[in-house]
Structure formats: C-alpha cells, structure tokens
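Take a look at the structure below.
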2 protein chains.
Amino acid sequence: MQLSELSRRSGVSAASIKYYLREGLLPPGVTVSARKAEYDEDHLRRLRLIRALLTVGGMSVAQARDVLAASHDPAFDRHTRLGVAQYLLPPHVTAPPEDTPEGATWRERRGEVLTLLRDDLGWQIHDGAPALDALTEALTTLDSLGYATATASLRDYAVALRPIAEKELAIVDEHPAIDEAIEAVVAHTVLYEPVLLSLRRLAHEDVSARLHPPA
Amino acid sequence: MQLSELSRRSGVSAASIKYYLREGLLPPGVTVSARKAEYDEDHLRRLRLIRALLTVGGMSVAQARDVLAASHDPAFDRHTRLGVAQYLLPPHVTAPPEDTPEGATWRERRGEVLTLLRDDLGWQIHDGAPALDALTEALTTLDSLGYATATASLRDYAVALRPIAEKELAIVDEHPAIDEAIEAVVAHTVLYEPVLLSLRRLAHEDVSARLHPPA
DNA sequence: GAGCAAGGATAGTGCCACTATCTTTCTATG
DNA sequence: CATAGAAAGATAGTGGCACTATCCTTGCTC
C-alpha cells in the first residue's frame with residue numbers, strides 16, 4: 001500500500017507518518033519509484049504501536065525510537081533484549097550528587113530498598129536497574145513532604161504486584177518469535193501501566209465510598 | 001522569609017517561583033513593601049509539593065494548578081473534595097465519537113468493565129469516573145494491537161490492587177485537617193504511582209531472571 | 001505532453017516551561 | 001541627603017518538542 005493508504009487505515013496524518021519516517025520510528029517502505037513507496041501490514045502494525053506508545057504510554061518520540069531500535073538490535077539475545085527494552089523505557093531519573101546531604105540520604109534509601117527486595121523478598125534484580133532509581137526518587141520525594149513510607153508497606157506493594165508480574169511474563173513467553181516477544185514486552189510494560197493505575201484509582205473510589213457513604 | 005530565601009531553601013530558581021506565582025500555583029506572600037514580600041513555611045511546603053507533582057508526577061503546570069485549586073475550594077465537603085482532587089488528576093481521555101465503529105466497540109468495552117467492577121466485584125464507583133475512560137482507552141488500544149485482555153486477568157489486577165487502596169485510604173484518614181487530607185490524597189495518588197510502577201518492573205525483572213536464568 | 005497526485009525535503013507553527021531583562025521601589029551606607 | 005544596590009513585579013524572549021504546511025521533483029495517466 002502507499003503512504004496515503006497507510007495514513008487512511010491508521011488514522012495518522014500523512015505528514016505525521018513522514019515525520020516518524022524521518023525520525024526513524026517507522027522503517028522506510030520499499031521505494032518503487034521516486035513518487036511511490038510500498039508499505040505492508042507490518043508497517044501498519046508498527047504505526048499503531050508507535051501511536052500507542054506516544055498517546056497511551058506518554059512517551060516522547062525520541063524515547064519511542066530508542067526503545068524500538070534496541071528491541072530489534074540483533075546483537076542481544078532474547079533475555080537481554082527483553083531487559084534492554086524495559087531498561088530503556090521511561091522514566092529515567094538521575095541520582096543527586098554524592099557529596100550533598102540529599103545525595104547521601106538518597107543513596108541510603110536506595111540501599112534499604114535493594115536490601116528489602118533482594119534479601120528479604122529474595123528477588124533477583126540487577127543493582128543498576130533504572131526502576132530502582134525511579135523508586136528511590138519517589139520515596140525520597142515523599143519523605144521530603146513528610147510522608148514517611150514504612151518498609152512494611154513497601155513490602156505489601158511488592159507482594160501484591162508479584163503475581164501480576166508472573167501472569168504478564170507468561171503471556172510474553174507465549175510468543176516464540178523474538179520480534180513478537182519484544183513488541184509484547186514493550187506493549188505490556190507500557191500499555192498496562194494505565195490499566196494498573198486506573199484500577200487503583202477506581203479501587204480508591206470504592207474504598208472511599210464505603211468509608212464515607214454519600215448522603 | 002523573602003523570595004530569595006524561599007528559592008535557596010527549596011532549590012527552585014527565583015524566576016521559576018515567580019512563574020508559579022503568576023500561574024496561580026503558589027499563593028502570593030504577604031506584601032510588606034513594594035520590594036519585599038514575606039513567605040512562610042507553608043509556602044515552602046507547597047512549593048515542594050508543586051515540584052513533586054511536576055517532576056515525579058509528570059503533571060503539567062496547568063494540571064497542577066487546577067488540582068491544587070479544587071482541593072482547597074471550600075464549596076465542597078471533605079469526601080467530595082477528596083474525589084474532586086482525584087477526578088482532576090491526569091490523564092484525561094475523551095471517548096471516540098459515538099457514530100463510528102471504534103466508538104461503538106469502545107463504549108461496549110467500557111460497559112463490560114463497569115459490569116465487572118460493579119456487579120461482579122461489587123465496587124461502588126461512579127459511572128463518570130475518568131479512570132474508567134482511561135482504563136477503557138488502554139484496553140481498546142491493546143485490543144487493536146492484538147493483545148486481547150481477558151476479563152479474568154482484569155479481575156486479577158483489581159483483586160490485587162484492592163488491599164493496596166485500603167491501606168492508602170487509611171493513611172489519608174489519619175489526617176483530620178481537611179487541607180492536610182487533601183494534600184495527602186493528591187500526594188499519594190500521584191506520587192505513589194511511580195512507586196507502584198517501579199515495583200512492577202522490578203518484579204518483572206525477577207520473574208524473567210527465574211524463567212530465563214542468565215549464563 | 002499536460003495535468004496532477006505522490007514522495008521527499010525544508011521551513012514554519014503552536015504550545016509549554018521556564019528564563020533573561022527591564023523598571024520600579026525601597027533601604028542601607030557614606 | 002544622595003546614591004548604590006538589591007528585591008519585586010511585569011514583559012518579552014528562549015529552547016525543545018511534536019507536528020504541519022509548503023514547495024519541488026518525479027512519473028503515471030489520459
């Protein structure tokens with residue numbers, strides 16, 4: 001199909017598709033002639049994924065490009081590529097400078113969390129996992145606002161989320177083809193986040209309605 | 001304290017503080033004279049909350065302003081204000097137009113989810129809850145990519161999140177002062193989201209390491 | 001072979017979160 | 001008392017981002 005048809009079937013403007021092509025999010029089609037390029041169903045699928053990452057996932061174009069590129073890099077094996085894709089996903093937080101008081105408490109907090117997850121819960125996680133930094137950042141921010149987060153409640157969260165993670169990984173492993181699996185990881189990691197957060201808010205509403213019944 | 005000291009103690013540039021004052025995120029200080037305004041500890045605290053909403057929470061300045069404004073609106077009672085704060089929080093999705101095929105499936109999906117939560121799980125949730133739209137949007141997007149989400153797994157998510165929501169609401173109810181409670185709701189709703197998502201990703205890593213042990 | 005639509009390149013647009021500058025006002029100091 | 005200097009406030013500017021509008025070339029069609 002031509003670019004115009006790709007645009008029509010995806011609902012994305014032709015100008016935007018050209019933009020994604022320029023930015024390397026969408027691989028170029030087969031150039032048939034100087035005024036005709038051929039795109040296939042894979043392009044359509046990829047385009048839908050791109051739009052999902054940008055809108056539902058809230059990622060930037062640059063982030064989406066990096067994730068999509070890394071997830072198709074043949075230099076890595078299956079397990080690594082699955083991890084690389086996840087490690088590249090936002091958010092990315094950087095630790096505060098080491099020589100400041102904030103930096104010291106930050107690092108201390110990070111160590112506590114790592115100990116909880118590794119030693120207490122027995123999770124096998126890498127020391128440099130970006131999610132660990134994001135978690136530390138959120139916790140220290142809450143601390144600075146006076147909302148101390150007990151290690152115990154953090155453990156409750158972790159325990160509640162563990163079975164969910166197992167189910168999700170099982171779904172990914174149903175895809176034998178590596179490219180499909182990668183896409184499944186990216187899609188599940190990013191697109192299930194709003195599912196999780198929405199359900200949490202709805203649960204809040206239910207609990208609140210029970211605690212404070214409206215008149 | 002003066003604006004310059006507020007800047008120094010918060011780490012936010014004086015120019016940015018002026019910007020937040022202009023945009024109505026931060027209430028003005030007491031004008032002592034034309035070149036001197038007095039700020040107090042509440043301003044410092046509010047400023048920290050603003051920064052947290054913008055950076056950790058990923059909200060826009062306009063969204064933060066609306067949430068902060070509504071949460072201090074005396075026209076609402078405690079329960080309503082807690083809800084209003086949450087309803088105003090992003091993301092906000094709009095349903096597709098009713099007369100399109102996508103609009104029809106979207107609405108159908110929304111109805112299914114509502115039935116699951118209300119009739120099956122017995123949750124008391126409002127029909128117009130924005131989280132319901134966000135949830136529907138995420139699910140239909142996943143559907144369009146070929147990842148059908150079984151109602152059963154959605155129920156698993158909901159069941160896993162329910163106890164977390166209970167704990168969180170209990171913490172909020174520890175604050176008798178309404179302003180403190182509002183701030184607690186906003187802070188918990190927004191700032192615990194990265195906690196939840198980070199822990200989920202770390203759980204993924206652990207599960208993946210067990211399924212595919214690295215060499 | 002004239003018209004026209006598709007592709008590709010390039011410059012422009014609108015929004016956002018600041019940020020730099022300018023002016024006014026006050027106060028501390030010689 | 002004069003004046004330098006600093007704080008507030010107003011206003012205009014900046015840089016990044018995600019597109020988007022325009023222009024030009026090319027080649028198919030009638």
Side-chain angles (χ1 to χ4, degrees), chain A residues 1-40 43-44 46-68 90-93 190, chain B residues 1-40 43-44 46-68 90-93 190:
Chain A
M1 77 190 91
Q2 314 198 152
L3 195 149
S4 52
E5 190 185 344
L6 191 62
S7 166
R8 192 175 41 74
R9 287 184 57 188
S10 65
V12 179
S13 79
S16 293
I17 294 177
K18 290 178 185 179
Y19 171 59
Y20 298 149
L21 287 166
R22 269 201 309 284
E23 294 296 318
L25 278 83
L26 194 63
V30 180
T31 307
V32 176
S33 72
R35 67 160 208 81
K36 207 170 192 177
E38 197 63 26
Y39 301 91
D40 56 21
H43 284 95
L44 182 59
R46 170 67 84 98
L47 189 52
R48 277 204 256 260
L49 178 60
I50 290 169
R51 288 305 302 170
L53 294 179
L54 296 184
T55 58
V56 181
M59 294 172 68
S60 73
V61 166
Q63 288 165 342
R65 177 189 47 222
D66 293 348
V67 170
L68 291 171
H92 298 286
V93 308
V190 175
Chain B
M1 77 189 93
Q2 315 198 147
L3 194 150
S4 51
E5 190 185 344
L6 191 62
S7 166
R8 193 176 41 73
R9 287 184 58 188
S10 65
V12 180
S13 80
S16 291
I17 295 177
K18 289 178 185 178
Y19 171 60
Y20 297 149
L21 287 166
R22 269 202 309 283
E23 295 296 318
L25 278 81
L26 193 65
V30 180
T31 306
V32 176
S33 71
R35 68 158 208 83
K36 208 170 193 176
E38 197 62 27
Y39 301 92
D40 56 21
H43 285 94
L44 182 58
R46 170 68 84 99
L47 189 52
R48 278 204 254 262
L49 177 62
I50 291 169
R51 288 305 302 170
L53 295 179
L54 296 184
T55 59
V56 181
M59 295 173 66
S60 73
V61 166
Q63 288 165 341
R65 176 189 49 222
D66 292 347
V67 170
L68 291 170
H92 298 287
V93 308
V190 175

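Scope of the values below: all heavy atoms of this structure, side chains included, with no hydrogens, waters or symmetry mates. So you know, we letter chains A, B, ... as the sequences are listed, proteins then strands, and number each from 1.
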Taking C-beta and beyond as the side chain, do L44(B) and R48(B) meet within less than 4.5 Å on heavy atoms?
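In contact.
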For residues Y19(B) and L26(B), determine if any side-chain heavy atom of one lies less than 4.5 Å from a side-chain heavy atom of the other.
no
What's the [atom1]-[atom2] distance between [X] and [N], to the nearest Å?
X      : N       : atom1 : atom2 : value
M1(A)  : dA5(C)  : CE    : C1'   : 19 Å
E5(A)  : dA5(C)  : CD    : C1'   : 15 Å
L47(A) : dC19(D) : CG    : P     : 11 Å
L21(B) : dT11(D) : CG    : P     : 15 Å
L26(A) : dA18(D) : CG    : C1'   : 16 Å
K18(B) : dA20(C) : NZ    : C1'   : 10 Å
L54(B) : dC16(C) : CG    : C1'   : 12 Å
R22(B) : dA8(D)  : CZ    : P     : 14 Å

Closer to the 5' end of DNA chain C via nearest nucleotide, is it Q2(A) or V61(B)?
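Closest to the 5' end, via its nearest nucleotide, is Q2(A).
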Which pair of heavy atoms, one from L25(A) and one from R46(A), lies closest together, and at what distance?
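Scanning both residues completely, I find the closest heavy atoms to be O-NH1, 2.7 Å.
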From the set [options], return the single nucleotide nearest to any side-chain atom of [X].
X      : options                   : value
L3(A)  : dC18(C), dG7(C), dA8(D)   : dG7(C)
S60(A) : dA8(D), dT11(D), dA18(D)  : dA18(D)
R51(A) : dC19(D), dG9(D), dT20(D)  : dC19(D)
Y39(B) : dG9(D), dA12(D), dA11(C)  : dG9(D)
Y20(B) : dC18(C), dA8(D), dA9(C)   : dC18(C)
Y19(B) : dA10(D), dC18(C), dA11(C) : dC18(C)

Quick check on contacts: within residues 8-17 of chain A, what sits under 4.0 Å from DNA chain D by heavy-atom distance?
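Contacts with DNA chain D under 4.0 Å: S13(A), A15(A), S16(A).
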Using five pairs at each end of the helix from dG1(C)-dC30(D) to dG30(C)-dC1(D) to define an axis, what is the angle between those two axes, to 10°?
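End-to-end axis angle for the helix from dG1(C)-dC30(D) to dG30(C)-dC1(D): 30°, rounded to 10°.
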Going from CZ on R9(A) to OG on S4(A), what distance comes out if it is rounded to the nearest 0.5 angstrom?
12.0 Å
With a 3.5 Å cut-off and heavy atoms only, can you find an N or O donor on one side and an acceptor on the other between the side chain of K36(A) and the base of dG7(C)?
no
Before giving the answer on side-chain contact (heavy atoms from CB on, under 4.5 Å), spell out for S60(A) and L54(A) the whole-Å C-alpha distance, their side-chain angles and the decisive distance to 0.1 Å.
CA-CA 6 Å; S60(A) 73; L54(A) 296 184; 5.9 Å; no
I'd like to know whether L49(B) forms a side-chain contact (heavy atoms from CB on, under 4.5 Å) with L68(B), so could you lay out the CA-CA distance, the side-chain angles of the two residues, the decisive distance to 0.1 Å, and finally the verdict.
CA-CA 10 Å; L49(B) 177 62; L68(B) 291 170; 3.9 Å; yes
S16(B) vs S13(B), side-chain hydrogen bond (donor to acceptor under 3.5 Å, both in side chains): CA-CA, chis, key distance, verdict:
CA-CA 5 Å; S16(B) 291; S13(B) 80; 3.0 Å; yes
So, E38(A) side chain and M1(A) main chain: donor-acceptor pair closer than 3.5 Å or not?
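Side chain of E38(A) to backbone of M1(A), a donor-acceptor pair under 3.5 Å: yes, one is there.
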Is a donor on one side and an acceptor on the other found under 3.5 Å between the side chain of S7(B) and the backbone of L3(B)?
no
Set out, in order, the CA-CA distance, both residues' side-chain angles and the distance that settles side-chain contact (heavy atoms from CB on, under 4.5 Å) for V190(B) and V67(B), then state yes or no.
CA-CA 11 Å; V190(B) 175; V67(B) 170; over 6 Å; no
